[in-house]
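We use all heavy atoms of the structure for the numbers below, so side chains are in, but hydrogens, waters and symmetry mates are not. Naming convention: chains lettered A, B, ... in sequence-line order (proteins, then strands); numbering from 1 in each chain.
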2 protein chains.
Amino acid sequence: MADSKDLNNNANTSSKSLGEQTSERIVELIINNDWQIGDKLPNEYELADMLSVGRSTIREAIKALVSRNVLEIRRGAGTFISQKSGVADDPLGLTFVKDKFKLSLDLLEVRFMIEPSIASIAAVKATDEEIERMSFLCDEIEKLIMKNEPYLDLDVEFHTAIAKSSKNQVIGNLIPIINRSIMMSIDVTNQKLRTETIETHREVLNAIKAHNSNDAHDAMLLHLVYNRRNIRNIIEKQKNE
Amino acid sequence: MADSKDLNNNANTSSKSLGEQTSERIVELIINNDWQIGDKLPNEYELADMLSVGRSTIREAIKALVSRNVLEIRRGAGTFISQKSGVADDPLGLTFVKDKFKLSLDLLEVRFMIEPSIASIAAVKATDEEIERMSFLCDEIEKLIMKNEPYLDLDVEFHTAIAKSSKNQVIGNLIPIINRSIMMSIDVTNQKLRTETIETHREVLNAIKAHNSNDAHDAMLLHLVYNRRNIRNIIEKQKNE
């Protein structure tokens, strides 16, 4: 009996508040007017006029869209389309997963499923400009490692650049979420440098440069194998502390 | 020059408003007290007291957590931990993708990367209870199809049940998002019934029942192949309309 109830819990669109409805209408405005990241929204008065609702409703709707990372408010300047393109800060609700060690291995398992395939698609689809960017990131990461400085943001950016060059928009949004989540779920700040990791980064890059799909696939797989071993070691250490 | 700026746009934690900080502290309360889905939150007065902020700040923080699907307000009853476990309604910001046909094929490409592997893990890890649930869903879907009634919610639930039985928490949250997004991005309400799709559902189920990983993998792959053909046909038709 509980089953039939479960099936319908996505159908309560009629119960939306005026604020929520107004949020959705603002999203429609953004899409229909083709407003881009960084564009400024009309002000409260204008929006209230355009959508025939009160200013307090507009304020409520804007707040909700800010917390969804669709809009951002710059004090004294106005409301703008957010750089975060509506991708939530913790889109998969991972904050609520208790066992962070298991979580990081689960995340890595997802990377194993996605990233080798993505690397082989990237080898076919990456443009010269995208490859140049990957190459720049690969160099920068190595420099930071040599100076013993944190490089994890760049690491996420390198993998994101590969993901985006696959031209699959879902993957382009998903990979940074997954890779950043791994760093948030375990403390990797003091990890020992693994030369294998750097070398396989470069192997992935070279295979994409050469437009060799199979090599890109295999290099990424190898990279993930080293990554998983590394993360397992970190977890072992942290569990024993 | 632009590059070094790009790298740091995740570091602006200090600029968080009191409302945002309070949201985060409420999330901490939920985690530390191990409050579960459906549990009732302390009321505004108690929360204001616990966190030493004003009631209007608590209200703002609660509103933000409602829009993040962490909390839900039931009128007259109070504030509760949401069934949606903090998974955003559109976590990947797909509302903003313009080409919905390409989006549905991109989403399907991700399913190809994930779901066959997941089916083979499910064949190893699914419990008897989970298999019973999958079996129930598979039967219900067939009944609905026979009656020519919409079954897509159940379809998402079937695939979610398989994903959750893999015990990978990320996959369990990700699969329903991806599968539901496909339905939102193309109009599949009038799709012709494909017997192949129903048959491969049952093949996936039987392989998981038999704990046969390879068969589960292959049946899911076949299921996705039929799905992609079906969706391509729908897209062709809708493009020509």
Is B/E140 close to chain A through its backbone or its side chain, or both, or neither, when contacts mean heavy atoms under 4.5 Å?
neither
Run through A/I177, A/L105, A/V110 and flag the one making a side chain to side chain contact (heavy atoms under 4.5 Å, CB included) with B/V170.
A/V110
Between B/Q169 and A/D106, is there a side-chain donor-acceptor contact under 3.5 Å, judged purely by atom types and distance?
no
So, for A/K167 and B/K102, which heavy atoms are closest and what is the spacing to 0.1 Å?
O-NZ, 2.6 Å
More than 12 heavy atoms from other groups under 6.0 Å of CG on B/N33
yes
What part of A/L65 lies closer than 4.5 angstrom to a heavy atom of chain B: side chain, backbone, both or neither?
neither
For B/E129, does the CD atom sit with more than 12 other heavy atoms under 6.0 Å from it, leaving out its own atoms?
no
Distance (rounded to the nearest 0.5 Å) between B/S17 OG and A/K63 NZ
8.0 Å
Under 4.5 Å from any heavy atom of chain B, what part of A/V70 do you find: side chain, backbone, both or neither?
side chain
For the atom pair CD (A/E109) and OG (B/S166), what is the distance rounded to the nearest 0.5 Å?
6.5 Å
Given side chains that start at C-beta, do those of A/M113 and B/I171 come closer than 4.5 Å, heavy atoms only?
yes
Options B/N69, B/D34, B/I178, ranked by heavy-atom pairs under 4.5 Å with chain A, top entry:
B/D34
Could you check whether atom CG of A/D39 has more than 12 heavy atoms from other residues, nucleotides or ligands sitting under 6.0 Å from it?
yes
For A/D99, does the CG atom sit with more than 12 other heavy atoms under 6.0 Å from it, leaving out its own atoms?
yes
Nearest 0.5 angstrom please: B/L174 CG to A/L174 CG, how far?
5.5 Å
